[in-house]
Amino acid sequence: MSGTRVVHAPPATRALDIDVGGVETPVYIVDLGALRRNLAILADVQARGECKVLLALKGFAMWSLFPVIGEYLSGIAASSLAEARLGREKMNKEVHVYAPAYERAELGELVRLVDHVVFNSFSQWERLRDMVSAASGLRAGMRVNPQHSEVAVPLYDPAAPGSRLGVIRDEFRTDRMEGLSGLHFHTLCELGADALERTLAVFEERFAPALERVEWVNFGGGHHITRPDYDVDRLVELVRDFRRRRGLEVYLEPGEAIALGTGVLVASVLDIVHNEIDIALLDTSATAHMPDVLEMPYRPVIEGAGLPGEHPHTYRLGGLTCLAGDVIGDYSFPRRLEIGDRLVFRDMAHYTMVKNTTFNGVRLPSIAIHDPADRSLRVVRRFGYEDYRDRLS
Ligand SMILES: Cc1ncc(COP(=O)(O)O)c(C=O)c1O
């Protein structure tokens, strides 16, 4: 990987005890036990914080698991009509939507599906509010931008200078809030309760007059609540304190926290070549199947592998597409890799299935569920030629 890029370290997650010996590859496997562990933490936040936690589908939208997720969480947060519809069809609890802009016809369909709709500007709100007023029981909110950055990587910082996401204080019109019952902010990414605490202080100070006029506030996503070192008690206290002082309902809409540490991507070695370094060609792809490895970028953890030189045999792991940079990274192994070996990439449930592409016609990984109770492995989706064809015309 290029030396000029900042390579993000993934959070420490524990290994999943899944026997991948006979499984078809490439495949994402999500472990029900790990998922339920995350959901129990989030349900505890809801209960003790007296708030509601929604699954942000942009991060994890494996709908075969929505019935399980719906046992614990209050609903879903959508970013589009397609996500809202999936949430309504497959979980049917609360459905919230926020998008940077709505198209009138699409909003007409959305208002029939959602409980909350969040706007990104007063111009959109005023142009489209007639559609909201016509829908009974629908609550509308405004996304604000506290202009307080906690995220180091500009690509992932919604509060960066010049951001299009949310109304900044100088543009906010407290006098034009009639019909709006809530405020929404989202400024975090993979961060702790300390980052939320600092953000909340700025948000409350900058939007104090608006807070007097609403019933609910959505604290967005980016809360890494299920990471082992996350201070859950501090989050609960922050939410409780906010509710006590303000008397407002609180929503959180994490995506990553639901699926963090719950799934792996299993790939096989298809070939081994040599060009200054040993290179293993895998039946997966960084750009098509784990795009954040290149976009963020970060170095995924592979079970049993280490940094180059840490073990005796070092390989560059490459993908199936034509992109020269379709490289996952350089990893060392205790023994030589052989064709047919399986590699298990840790923590591949979130921001993978939802972001995948069929670039080069490379087949999408299958999707499977592992149940630790009986160690069963069930493939719930396989992809093929039709999935590639049907995205094109
Ligand atoms: C508005 C909004 N809500 C929620 C999320 C979910 O964030 P995460 O998956 O980091 O928790 C995002 C992520 O970009 C977002 O933009």
Side-chain angles (χ1 to χ4, degrees), residues 8 10-11 13 35 38-39 41-42 45-46 51-62 69 73-80 83-84 86-87 94-102 110 114-121 124 140-146 148-160 163-167 182-193 195-196 199 203 216-227 230 232 235 239 250-263 291-292 295-296 298 347-355:
H8 186 80
T13 52
L35 181 67
N38 282 356
L39 292 168
I41 293 169
L42 297 166
V45 169
Q46 287 191 130
C51 61
K52 288 184 174 171
V53 178
L54 310 169
L55 162 68
L57 293 197
K58 68 188 76 190
F60 185 67
M62 191 172 154
I69 297 170
L73 303 190
S74 298
I76 68 105
S79 326
S80 62
E83 285 189 352
L86 191 69
E94 284 192 40
V95 178
H96 295 211
V97 67
Y98 156 78
Y102 298 101
L110 262 171
V114 303
D115 303 286
H116 280 205
V117 55
V118 176
F119 289 87
N120 191 58
S121 72
Q124 274 257 304
M142 186 63 70
R143 176 165 175 177
V144 298
N145 181 337
H148 168 81
S149 284
E150 290 282 347
V151 180
V153 183
L155 184 66
Y156 291 97
D157 181 12
S163 169
R164 70 191 187 293
L165 304 169
V167 184
L183 295 177
H184 177 294
F185 67 84
H186 168 79
T187 55
L188 307 182
C189 179
E190 299 190 342
L191 287 169
L196 175 63
T199 304
F203 162 71
W216 55 270
V217 177
N218 186 323
F219 291 1
H223 317 280
H224 240 191
I225 304 167
T226 52
R227 197 170 68 192
Y230 189 94
V232 178
L235 171 67
V239 173
V250 172
Y251 289 88
L252 301 169
E253 51 175 34
E256 189 156 326
I258 282 86
L260 193 65
T262 64
D292 280 354
E295 198 174 287
M296 193 158 222
Y298 79 99
D347 213 11
M348 282 288 166
H350 54 84
Y351 291 104
T352 49
M353 298 173 223
V354 288
K355 288 184 103 175

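Because the structure is a prediction, the values reported are computed rather than measured. Order of listing sets the numbers, starting from 1, for every ligand and every atom in it. If you read the sequence from its start, that first residue is 1, and numbering goes on from there. These values consider heavy atoms only, across backbone and side chains, with no hydrogens, waters or symmetry-generated copies.
- Near Glu256, meaning under 4.0 Å from any of its heavy atoms, are these atoms of ligand 1: 8 (P), 9 (O), 11 (O).
- A distance of 8.0 Å separates OG1 in Thr187 from CG in Leu196, rounded to the nearest 0.5 Å.
- Ligand 1 has no atom lying under 4.0 Å from any heavy atom of Glu190.
- For Tyr98, no nitrogen or oxygen atom sits less than 3.5 Å from a nitrogen or oxygen atom of ligand 1, counting backbone and side chain alike.
- Proximity of Arg143 to ligand 1, defined as any heavy-atom pair under 4.0 Å, is confined to the side chain (atoms from C-beta onward).
- Using modelled atom types, no side-chain atom of Asn145 and backbone atom of Val167 make a donor-acceptor pair closer than 3.5 Å.
- In this structure, atom 16 (O) of ligand 1 lies nearest to the protein heavy atom Lys58 NZ, 3.0 Å.
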Test Leu183 against Val118 for side chain to side chain contact (heavy atoms under 4.5 Å, CB included), laying out the working first.
CA-CA 8 Å; Leu183 295 177; Val118 176; over 6 Å; no

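- Looking at atom 7 (O) of ligand 1, its nearest protein heavy atom turns out to be Gly222 N, 3.4 Å.
- In this structure the side chain of Phe219 reaches within 4.5 angstrom of the side chain of Val239, judged on heavy atoms.
- Distances shorter than 4.0 angstrom do not occur between any heavy atom of Ala257 and any atom of ligand 1.
- Within the 3.5 Å criterion, the main-chain N or O of Gly221 finds a donor-acceptor partner in the side chain of His186.
- Contacts between His186 and ligand 1 below 4.0 angstrom, taking non-hydrogen atoms only, involve the side chain exclusively.
- Tyr351 OH, 2.6 Å is the protein heavy atom nearest to atom 9 (O) of ligand 1.
- Aromatic ring orientation, Tyr251 versus Trp216: perpendicular (interplanar angle above 60°, classes split at 30° and 60°).
- The contact set between ligand 1 and Ala56, taken as ligand atoms under 4.0 Å from a residue heavy atom, comprises 4 (C), 6 (C).
- Proximity of Gly59 to ligand 1 is not established, as no heavy-atom distance is less than 4.0 Å.
- Listed by number with element, the atoms of ligand 1 under 4.0 angstrom from any heavy atom of Gly255 are 6 (C), 8 (P), 9 (O), 11 (O).
- Panel note: side chain Ser163, backbone Ala159; no donor-acceptor pair is recorded below 3.5 Å.
- In this structure, Tyr156 falls outside the shell of residues with a heavy atom less than 4.0 angstrom from ligand 1.
- The N/O atoms of His223, backbone and side chain alike, include none that comes under 3.5 Å of an N/O atom in ligand 1.
- Within the 3.5 Å criterion, the main-chain N or O of Asn120 finds no donor-acceptor partner in the side chain of Gln124.
- The Pro254 neighbourhood of ligand 1 comprises atoms 11 (O), with distances under 4.0 Å to a heavy atom of that residue.
- Nearest protein heavy-atom contact of atom 1 (C) of ligand 1 is Glu253 OE2, 3.5 Å.
- Looking only at distances, a side-chain donor or acceptor of Asp115 sits under 3.5 Å from a matching main-chain atom of Val95.
- Side-chain contact check for Val45 versus Val232: some heavy-atom pair is nearer than 4.5 Å.
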